[in-house]
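By convention in this document, chain letters (A, B, ...) are assigned in the order of the sequence lines, proteins followed by strands, and residues within each chain are numbered from 1.
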Amino acid sequence: MLGREFFSRPAPQLAPALIGKRLVRLQNGQRLSGIIMETEAYQGQNDLACHARVGRTKRTEPMFAQAGHAYIYFTYGMHWLFNLVADEADIPSAVLIRAIFPMEGLAQMEKNRPMLAHTASWLNGPAKLTQGLGIDGALNQHDLCQAGSTIFLEDGIVPPEKLVRTSPRIGLGKTPEPWLSMPWRWHLDWQDAAKLIKEKGL
DNA sequence: CGGCCGATTATCT
DNA sequence: GATAATCGGCCGG
């Protein structure tokens with residue numbers, strides 16, 4: 001299980017370090033997991049794409065917590081999105097997990113999210129992976145570094161830096177520049193991930 | 001594969 | 001009262 005020190009850095013540093021890590025969720029005592037393929041950083045009140053740009057509210061409060069906690073919010077009237085809190089306490093900072101490569105508990109994940117199961121498009125979206133892993137608001141503010149947690153990270157693969165692509169963050173709408181174009185999204189192509197996982201024997 | 005559209009409701013102004 | 005860190009269905013190429 002990755003400890004607090006791993007998460008304790010600004011989101012734009014944590015986000016690329018998360019690519020290749022294994023996200024594990026215990027559901028009914030069973031391991032569901034996937035390799036993290038895509039992340040986005042949201043850092044501080046200056047970042048006008050960050051929910052916490054407006055300061056502390058009921059929704060943004062988790063982003064001000066100590067690193068290693070979960071920030072989970074509901075959007076579009078139907079979707080839960082999962083973030084890992086980064087950086088020091090009182091600095092609002094988080095990394096959105098946008099895609100995973102399914103690894104363990106495939107049968108249970110298929111029950112959780114039947115659509116497109118076992119295809120490359122199964123869990124390649126921030127709301128898709130929360131469905132697959134059975135993550136919702138009940139886990140908001142959870143500590144991923146606490147013994148006995150039902151959600152935590154483990155080491156997985158360490159992709160070569162050249163395979164980790166960057167781009168602007170997705171879905172920011174009318175967020176002003178320079179935040180709209182900030183290259184704070186990191187991702188691994190599906191085929192590259194599959195190859196690396198196979199090579200590593202996971 | 002890419003673009004447009006409707007769904008559906010907590011949160012904030 | 002407007003908006004949203006999305007998704008799936010449906011269309012056209």
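- Look at CG on A:Leu18: it is 20 Å from P on C:dA5, rounded to the nearest Å.
- Between C:dT6 and A:Arg98, a contact under 4.0 Å exists linking OP1 or OP2 to a side-chain N or O.
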Expected list for residues 6-17 of chain A: side-chain donor-acceptor pairs under 3.5 angstrom, two or more places apart:
{"from": "A:Ser8", "atom 1": "OG", "to": "A:Arg4", "atom 2": "O", "distance (Å)": "2.8"}
{"from": "A:Arg9", "atom 1": "NE", "to": "A:Phe6", "atom 2": "O", "distance (Å)": "3.0"}
{"from": "A:Arg9", "atom 1": "NH2", "to": "A:Phe6", "atom 2": "O", "distance (Å)": "3.4"}

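- Counting non-hydrogen atoms under 4.0 angstrom, A:Met182 reaches nothing in the nucleic acid.
- Contacts of A:Asn140 classified as side-chain contact (heavy atoms from CB on, under 4.5 Å), with partners at least two apart in sequence or in another chain: A:Pro62, A:Tyr71, A:Ile72.
- When each of A:Leu116 and A:Leu172 is assigned the nucleotide of DNA chain C with its nearest heavy atom, A:Leu172 is the one assigned upstream, toward the 5' end.
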Show me the donor-acceptor pairs, under 3.5 Å and distance only, between side chains in residues 155-163 of chain A and residues at least two apart or in other chains.
{"from": "A:Asp155", "atom 1": "OD1", "to": "A:Lys21", "atom 2": "NZ", "distance (Å)": "2.9"}

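- Atom CZ of A:Arg53 and atom C1' of B:dC12 are 10 Å apart (whole Å).
- In this view, A:Glu104 and A:Arg22, A:Arg31, A:Ser33 satisfy the side-chain contact (heavy atoms from CB on, under 4.5 Å) rule, not counting sequence neighbours.
- The phosphate of C:dA4 has OP1 or OP2 within less than 4.0 Å of a side-chain N or O from A:Lys174.
- Counting any heavy atom pair closer than 4.0 Å across all strands shown, A:Arg59 reaches sugar-phosphate atoms only and no base atom.
- One atom, OH of A:Tyr71, and another, C1' of C:dA5, lie 9 Å apart when rounded to the nearest Å.
- A search for salt bridge (charged side-chain N to carboxylate O under 4.0 Å, His left out) contacts involving A:Arg25 returns nothing, not counting sequence neighbours.
- Remark: side-chain polar atoms of A:Glu154 are not paired, donor with acceptor, to backbone N or O of A:Leu2 under 3.5 angstrom.
- Looking at residues two or more places apart in sequence or on another chain, you find no salt bridge (charged side-chain N to carboxylate O under 4.0 Å, His left out) involving A:Arg59.
- Rounding to whole angstrom units, CG of residue A:Leu180 and C1' of C:dA5 are separated by 12 Å.
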When the side chains of residues 73-80 of chain A are checked against the rest of the protein, which donor-acceptor pairs come out under 3.5 Å, sequence neighbours left out?
none

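- Ranking C:dA5, C:dC7, B:dC12 by closeness to the A:Pro126 side chain, first place goes to C:dC7.
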If you restrict it to nitrogen or oxygen atoms, what contacts under 3.5 Å exist between nucleotides 5-10 of chain B and the protein, and what is each distance?
{"from": "B:dT8", "atom 1": "O2", "to": "A:Tyr76", "atom 2": "O", "distance (Å)": "2.5"}

Convert the base pairs of DNA chain B into dot-bracket notation, remembering that pairs crossing earlier ones are written with [ ] and that bases paired across to another strand are shown as |; include only Watson-Crick or G-U pairs under 3.5 Å. |||||||.||||.
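- For A:Ile91, the side-chain contact (heavy atoms from CB on, under 4.5 Å) test picks out A:Gln43, A:Asp87, A:Glu88, with sequence neighbours left out.
- Shown here are the side-chain contact (heavy atoms from CB on, under 4.5 Å) partners of A:Gln108, two or more places apart in sequence or in another chain: A:Gln27, A:Gln30, A:Leu32, A:Lys111, A:Asn112.
- Checked options A:Asp192, A:Leu188, A:Ile19; the residue passing with A:Arg165 is A:Asp192 (criterion: side chain to side chain contact (heavy atoms under 4.5 Å, CB included)).
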Protein-nucleotides 11-13 of chain C N/O pairs under 3.5 Å:
none

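- Looking at heavy-atom distances under 4.0 Å, A:Leu81 makes contact with sugar-phosphate atoms alone, never a base.
- C:dA5 has no base stacking with the ring of A:Tyr73 when judged by centroids under 5.5 angstrom apart and an interplanar angle below 30°.
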